[in-house]
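Notes for the one structure printed next.
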Amino acid sequence: MRILVCGGAGFIGSHTCTVLAERGHELVIADSFVNSSPRVEGRLEAILGHAPACHRVDLLDRGAVAALFACERFDAVIHFAALKAVGESCERPLDYFDNNIAGTIHLLQAMRAAGVGRLVFSSSATVYGDPDTVPVCEDAALRVSNPYGRSKLVMEQLIGDLCTYDPGFQAVNLRYFNPVGAHPSGLIGEDPGGIPGNLMPYICQVAVGRRERLEVFGGDWPTVDGTGVRDYIHVMDLARAHADALDFLFRERRSATVNLGTGRGTSVLQLVRAFGRASGREIPHRIVARRAGDVAEVYADPSLARSLLGWQAELDIDAMCRDAWRWQSMNPDGYGDEPAAGTAAHATASRRVPDQVSEAIAGG
Ligand code: UD1
């Protein structure tokens, strides 16, 4: 099939591209590169033996999105393109609503105009907020606690309404738990701009010497060792789930919302120790106050993904740490782009960068 991958140069998008290509799909990447590196293209070429088609398109540019669908034919779309920093979303909620929600509306409009009715959407376990019980099932209460989470929930709801009222439209919402790790080649991986907000990239930067020590947010949580427990999932397992979700859409022609996690919780200190084993380096750390908005323990009930998609996670914490470390040690400065992208302000500033890849689309 011919698949449009919006946000295909980002962390999860780029890994998904490798799996889709290996399964014989033809890919077209659309990415604004406001929070990802153009160097991903060359890395994908090195992994795949050919470069996937890649267009610089910002979903906020309605005309460019429409032009993309006018120039190219797609069987389905996978939509990763969104801003995702929780703290930044609290400082700039309107940028998050605009970029994530308006961008998604433009994409959905272009899909419907072109008669493309299959979508796999990147959602997040953030829609569960602080769940009442673990493991978390898909029918748990939805309660978001920040504008980033709100934007994910609203996008799910907009897509859900289309699925309900448009018989020609089906979507799978994938609620990711905590994606970590990297492609086994070490050529692509997670490269957050600025100071990492998430645990694994922070540990990687401590291990490689870019940061002095990890601050562990809270040692008094009601968990196995007092530190926060999460469901870390290898990005290659996650990537495979997207290909399985596409198969589900074409096989069953119905919509679904599924959790993607391992079903196992790992504490901060357990992850620090696993990373130490994988890297052979000590990870200096100290326990500090809890982070505002954090919760004690969140992990998935992934059984629906197994029954609907035939998918389950295969890679364990040691594999996640080994592959994250391979990427970080081979690329101590990530993709080495200048300057670190990833803020909404940066997104606004670079939105109208001319598209060298596809003049037709830039011309609208
Ligand atoms: C975060 C996001 C969430 C997003 C998810 C996956 C917040 C509040 N939530 O969740 O919306 O869906 O990532 O990308 O940011 N920790 C430390 N020190 C650090 C960083 C983290 O101790 O420097 C701890 C946290 O307290 C937590 C665990 O590590 O217990 C995981 O944190 P993180 O990687 O930020 O993920 P989440 O909090 O699950």
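Both ligands and their constituent atoms are indexed starting at 1 by order of listing. Worth saying up front: this structure is predicted, and the values here are computed from it rather than measured.
In terms of protein heavy atoms, atom 6 (C) of ligand 1 is closest to Phe177 O, 3.9 Å. For atom 25 (C) of ligand 1, the nearest non-hydrogen atom of the protein is Asp294 OD2, 3.4 Å. At the shortest separation from atom 31 (C) of ligand 1 among protein heavy atoms lies Tyr232 OH, 3.4 Å. The nearest heavy-atom contact from the protein to atom 39 (O) of ligand 1 is Arg230 NE, 2.6 Å. At the shortest separation from atom 2 (C) of ligand 1 among protein heavy atoms lies Val86 CG2, 3.7 Å. For atom 18 (N) of ligand 1, the closest non-hydrogen atom of the protein is Glu215 O, 2.7 Å.
In this comparison of Ser124, Ser123, Ser89, Gly293, the heavy atom closest to atom 12 (O) of ligand 1 sits on Ser124. Nearest-residue assignment for atom 14 (O) of ligand 1 (options Thr266, Asn198, Val295, Asp231; heavy-atom criterion): Asn198. Looking at Phe217, Tyr148, Tyr128 and measuring to atom 23 (O) of ligand 1, the nearest heavy atom belongs to Phe217.
The parts of Leu199 lying near ligand 1 are both backbone and side chain, judged by heavy-atom distances below 4.0 Å. Only the side chain of Leu214 comes within 4.0 Å of ligand 1, judged by heavy-atom distances. Neither the backbone nor the side chain of Tyr176 has a heavy atom within less than 4.0 Å of ligand 1. At a heavy-atom cutoff of 4.0 Å, ligand 1 is contacted by the side chain of Arg291 but not by its backbone. When non-hydrogen atoms are compared, ligand 1 lies under 4.0 Å from the side chain of Val268 (C-beta onward) but not from its backbone.
The ligand atoms of ligand 1 that sit less than 4.0 angstrom from a heavy atom of Thr126 are 11 (O), 12 (O). Residue Gly228 approaches ligand 1 through these ligand atoms, each under 4.0 Å from one of its heavy atoms: 30 (O). The Val216 neighbourhood of ligand 1 comprises atoms 22 (O), with distances under 4.0 Å to a heavy atom of that residue. Annotation for ligand 1: atoms under 4.0 Å from non-hydrogen atoms of Gly197 are 20 (C), 35 (O). Every atom of ligand 1 with a heavy atom of Asn178 under 4.0 Å away is listed here by number and element: 36 (O), 37 (P), 39 (O).
Counting non-hydrogen atoms of other residues, nucleotides and ligands closer than 6.0 Å to CZ of Arg150 gives a total of 12 or fewer. Other residues, nucleotides and ligands contribute over 12 non-hydrogen atoms within 6.0 Å of the CZ atom of Arg2.
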Determine, step by step, whether Arg286 and Glu215 satisfy the salt bridge (Lys or Arg N to Asp or Glu O under 4.0 Å) criterion, reporting the C-alpha distance in whole Å, the side-chain angles of both residues, the deciding distance to 0.1 Å, and the verdict.
-> CA-CA 5 Å; Arg286 68 165 175 216; Glu215 299 203 320; 2.7 Å; yes
Which is it for Thr104 and His79 under the side-chain hydrogen bond (donor to acceptor under 3.5 Å, both in side chains) test, yes or no, and what are the steps along the way?
-> CA-CA 8 Å; Thr104 297; His79 177 25; 2.9 Å; yes
Do Asp31 and Arg56 pass the salt bridge (Lys or Arg N to Asp or Glu O under 4.0 Å) test, and can you show the C-alpha distance, the side-chain angles, and the key distance before you say yes or no?
-> CA-CA 5 Å; Asp31 203 297; Arg56 187 185 290 261; over 6 Å; no
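Glu297 and Thr223 share no donor-acceptor pair across their side chains, judged by distance under 3.5 Å alone. Between the side chains of Tyr148 and Thr126, no donor-acceptor pair is found at a separation under 3.5 Å.
Partner Leu249 forms a side-chain contact (heavy atoms from CB on, under 4.5 Å) with one of Asp244, Leu309, Val172 and no other, that one being Val172. Under the ring pair (Phe, Tyr, Trp, His ring centres under 6.0 Å) rule, His242 has a single partner from Trp311, Phe248, Tyr176, which is Tyr176.
The aromatic rings of Trp325 and Phe275 stand perpendicular to each other, their planes meeting at an angle above 60°, with 30° marking the opposite boundary. Tyr335 and Trp327 have tilted rings, their planes meeting at an angle from 30° to 60° on a 0 to 90° scale.
A heavy-atom distance below 4.5 Å is not found between the side chains of Leu4 and Glu72.
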